[in-house]
Amino acid sequence: MADRVVIDPITRIEGHLRIELETEGGKITDAWSSTTQFRGLEEILKGRDPRDAWAFVNRICGVCTGTHATTSVMAVEDAIGSQPPEQAMLIRDMVLSTTDIHDHVVHFYHLHALDFVNAANAASADPQKAVDFAKSIGSTWRGNNLTRMTEVRDTVKNLVESGQLSIFTNGYWGHADYRLPPEADLMAVAHYLDALEFQRSMIRIVTVFGGKNPHPHFLVGGMACTIDQNKSETVNQVQVSHIQQWINEIHEFVATCYVPDAMAIVGVYKDYFDIGAANPNYLAVGLGGAMYSGDPNIEPKFPSSKMTVKPGVIFDDDFSTVHPFDPAKITESVNSTWLSYSGSDKELPPLEGETTMAYSGPKPPYEGKTFPDADSVLLVGRDDNWDGKYTWCKEPMYDGKRMQVGPVARVIMAYAQGHPRMTEIVDGAVATLGITLGQMNSTAGRALARAAECLLTAELMKDEVFPTFVQNLREGNYDVFDASKWEPSSWPKEASGFGMLEVARGMLSHWVTIKDRKIANYQCVVPTTWLGGGRDESGQMSPFEHSLAGNKEHPLADPTQPLEVLRTIHSFDPCMSCAVHVLDDEGNVLQVAQS
């Protein structure tokens with residue numbers, strides 16, 4: 001007889017996610033991923049000026065704000081034929097690079113690491129041994145000193161003794177599978193706090209070019225900022241010098257703190273390279289930050305080094321064969337979704353997509369439900385007449401298959417195409433950890449892939465993107481806006497376009513149809529939609545569901561403290577707010593109310 005576990009909400013993510021599980025003998029045998037919020041921004045955009053779309057979609061999420069804005073302006077630019085100048089593209093690259101690095105660092109330290117780091121255990125650590133531990137893993141971060149470690153140890157100790165754990169409240173600190181020694185926990189907590197301070201360097205770069213953060217400003221045809229070395233209200237030499245300093249600080253933190261920490265933690269939890277494997281299919285259009293206004297198979301006017309990895313698809317874990325990427329093979333299903341398509345619920349390509357509510361779930365006020373045995377599995381709203389709907393998240397597919405997107409997909413794609421620096425980073429990590437490339441498709445692999453990608457992104461921004469931007473300034477190139485297509489009178493009567501961008505969580509695409517100079521249709525196909533939807537028509541699980549129940553071997557030792565589930569789901573860094581634009585039911589055999 002299977003037991004029931006419901007975790008609702010999953011915390012330390014963006015948005016609202018419910019995971020329902022069946023377990024037997026300490027293993028997960030089935031899983032359902034339910035996004036429990038509806039946004040509907042696509043409907044809000046209909047009838048609006050396409051040049052304003054970025055300002056609305058910028059607010060899909062409070063974390064990855066600029067990524068949606070950038071993809072939106074690229075989709076509109078593709079439709080109307082606008083080509084931003086090189087300096088504008090370089091500015092976008094720097095804003096996106098800092099956003100991606102910010103996302104990876106925040107995800108590791110503040111959203112995911114506490115699944116492996118026992119923060120309360122740091123109270124009993126020896127600060128000098130914590131310094132020694134940091135040195136032993138190759139961390140040369142300037143915060144690794146006795147004064148800092150003592151200060152953090154005393155702070156955690158005071159919190160523990162007070163009974164008020166502040167930001168560490170509601171952790172499963174008594175769980176038996178926390179494995180790090182107290183000194184490693186102390187080092188990680190110190191770096192957790194350092195990472196909070198570190199965020200400022202990245203945010204300042206976004207604010208210089210985007211005016212503010214979150215929700216920085218963008219512009220169809222380029223960037224909203226202006227460059228004039230002689231004016232204080234524009235991007236000038238003082239700000240450029242500051243940006244150079246901040247980029248150096250970013251690279252220092254990633255290389256000397258984040259990467260060694262990630263390597264050390266996944267090294268202790270090496271069995272998680274064999275836990276949490278998702279679907280064996282991978283899609284990526286380049287390295288993190290690769291930008292395409294329209295078909296990625298058409299060479300852009302200003303290609304970046306992030307496009308040296310070509311768009312591609314890998315099926316069935318066959319890393320020896322990279323298939324060409326065809327945007328026309330992307331479709332979205334609403335099989336398990338509280339949405340409907342007019343005339344049919346069959347999958348549609350994004351340009352023909354719809355976002356029409358068709359809610360059939362439980363009606364408030366919600367009453368407790370009982371799950372006495374495996375035959376009475378109750379999903380969200382399921383009863384004798386259940387229609388199979390349990391989420392607001394669509395089910396994207398490529399050529400009929402469920403795909404992984406994100407850091408693992410990009411790292412594997414880069415490695416399969418022989419990208420020199422990524423190959424060097426991965427080979428070093430694989431040799432140190434004693435794993436294979438195929439084991440990157442795992443809970444620990446997703447953490448490792450993020451660190452590898454973050455290091456490469458920081459290097460490219462420091463060594464290529466910013467120096468090119470500065471050299472162009474020296475040559476007098478201050479142009480950041482293409483005005484040739486700004487006026488609607490220059491647009492065709494009807495036009496469609498799309499933009500694709502590799503963001504922290506995976507490949508993001510926006511699709512727009514313009515008629516009579518207004519938005520007629522708009523669809524966002526976001527990374528967490530690829531990863532977190534429900535079953536499609538053929539019964540294929542999403543990567544979230546597959547990672548938990550694909551091989552029916554995922555562990556869950558204590559259903560009242562589902563730490564193993566959090567480790568795997570958090571490794572994807574879910575953003576349900578993007579995807580849609582523990583339940584305490586009376587009578588449950590198992591109830592989980594915190595995560």
Side-chain angles (χ1 to χ4, degrees), residues 64 67 70-71 74 93 96-97 99-100 103-104 277-300 303-330 350 396-399 401-423 425-426 437-438 440-442 445-446 448-457 460 498-510 525-532 542-543 571-573 575 578:
C64 44
T67 60
T70 306
T71 313
M74 290 193 300
D93 195 320
L96 293 169
S97 293
T99 300
D100 281 0
D103 192 288
H104 289 328
N279 313 60
N281 309 311
Y282 311 86
L283 184 158
V285 297
L287 296 174
M291 293 178 281
Y292 290 96
S293 182
D295 192 336
N297 298 304
I298 299 174
E299 190 69 23
S304 78
S305 57
K306 296 171 183 178
M307 300 174 184
T308 54
V309 173
K310 298 302 180 185
V313 180
I314 291 174
F315 294 115
D316 300 320
D317 279 336
D318 180 6
F319 304 145
S320 66
T321 305
V322 177
H323 299 270
F325 171 68
D326 181 0
K329 292 184 177 181
I330 295 176
M397 290 178 278
Y398 181 88
D399 201 16
K401 294 182 181 294
R402 304 303 288 272
M403 309 296 294
Q404 281 197 67
V405 297
V408 168
R410 288 192 293 263
V411 167
I412 288 176
M413 196 68 64
Y415 195 95
Q417 295 185 32
H419 185 275
R421 180 56 178 146
M422 183 61 81
T423 299
I425 294 171
V426 172
L437 181 65
M440 294 291 286
N441 180 12
S442 63
R446 284 183 279 275
L448 179 60
R450 278 179 168 266
E453 181 173 84
C454 193
L455 177 60
L456 179 59
T457 301
L460 291 175
F498 62 94
M500 291 185 167
L501 172 62
E502 284 290 346
V503 304
R505 294 171 178 86
M507 196 273 280
L508 168 67
S509 59
H510 285 219
V525 185
V526 311
T528 299
T529 314
W530 284 100
L531 299 169
S542 68
S571 71
F572 291 98
D573 193 14
C575 184
C578 294

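All of these numbers come straight from a predicted model, not from anything done at the bench.
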| Side-chain (D326) to main-chain (A328) donor-acceptor, under 3.5 angstrom | yes

| request: Would you mind reporting whether F325 and M500 have side-chain heavy atoms less than 4.5 Å apart? | output: yes

| Would you call R446 and D573 a salt bridge, using N to O less than 4.0 angstrom? | no

| field | Set of residues satisfying salt bridge (charged side-chain N to carboxylate O under 4.0 Å, His left out) with respect to D93, sequence neighbours excluded | value | K306

| Backbone of P543 reached by a side-chain donor or acceptor of Q404 within 3.5 Å | no

| said: Within the 3.5 Å criterion, strictly below it, is a donor on N297 or D295 matched to an acceptor on the partner's side chain? | reply: yes

| ring pair (Phe, Tyr, Trp, His ring centres under 6.0 Å) partners of F315, counting only residues at least two apart | H323

| query | Can Y282 and D317 be counted as having a side-chain donor-acceptor contact under 3.5 angstrom? | reply | yes

| message | Between S293 and P300, is there a side-chain heavy-atom distance shorter than 4.5 Å? | response | no

| field | Heavy-atom check, side chain of F498 versus side chain of P350, under 4.5 Å | value | no

| query | Any side-chain heavy atom of L455 sitting closer than 4.5 Å to one from R421? | reply | yes

| field | Donor-acceptor contact present, side-chain T457 to main-chain E453, <3.5 Å | value | yes

| said: Donor-acceptor pair, distance only, cut-off 3.5 Å: does the side chain of R410 make one with the backbone of M507? | reply: no

| request: Heavy atoms only: give me the nearest V313-M413 pair and the separation to one decimal. | output: N-CE, 3.9 Å

| said: So if I apply the side-chain contact (heavy atoms from CB on, under 4.5 Å) rule between T70 and each of V503, L96, L508, T99, which one comes out positive? | reply: L96

| Does any N or O in the side chain of N441 come within less than 3.5 Å of the main-chain N or O of A278, such that one atom is a donor and the other an acceptor? | yes

| What are the two closest heavy atoms between I314 and M403, and how far apart are they? | O-CE, 4.2 Å

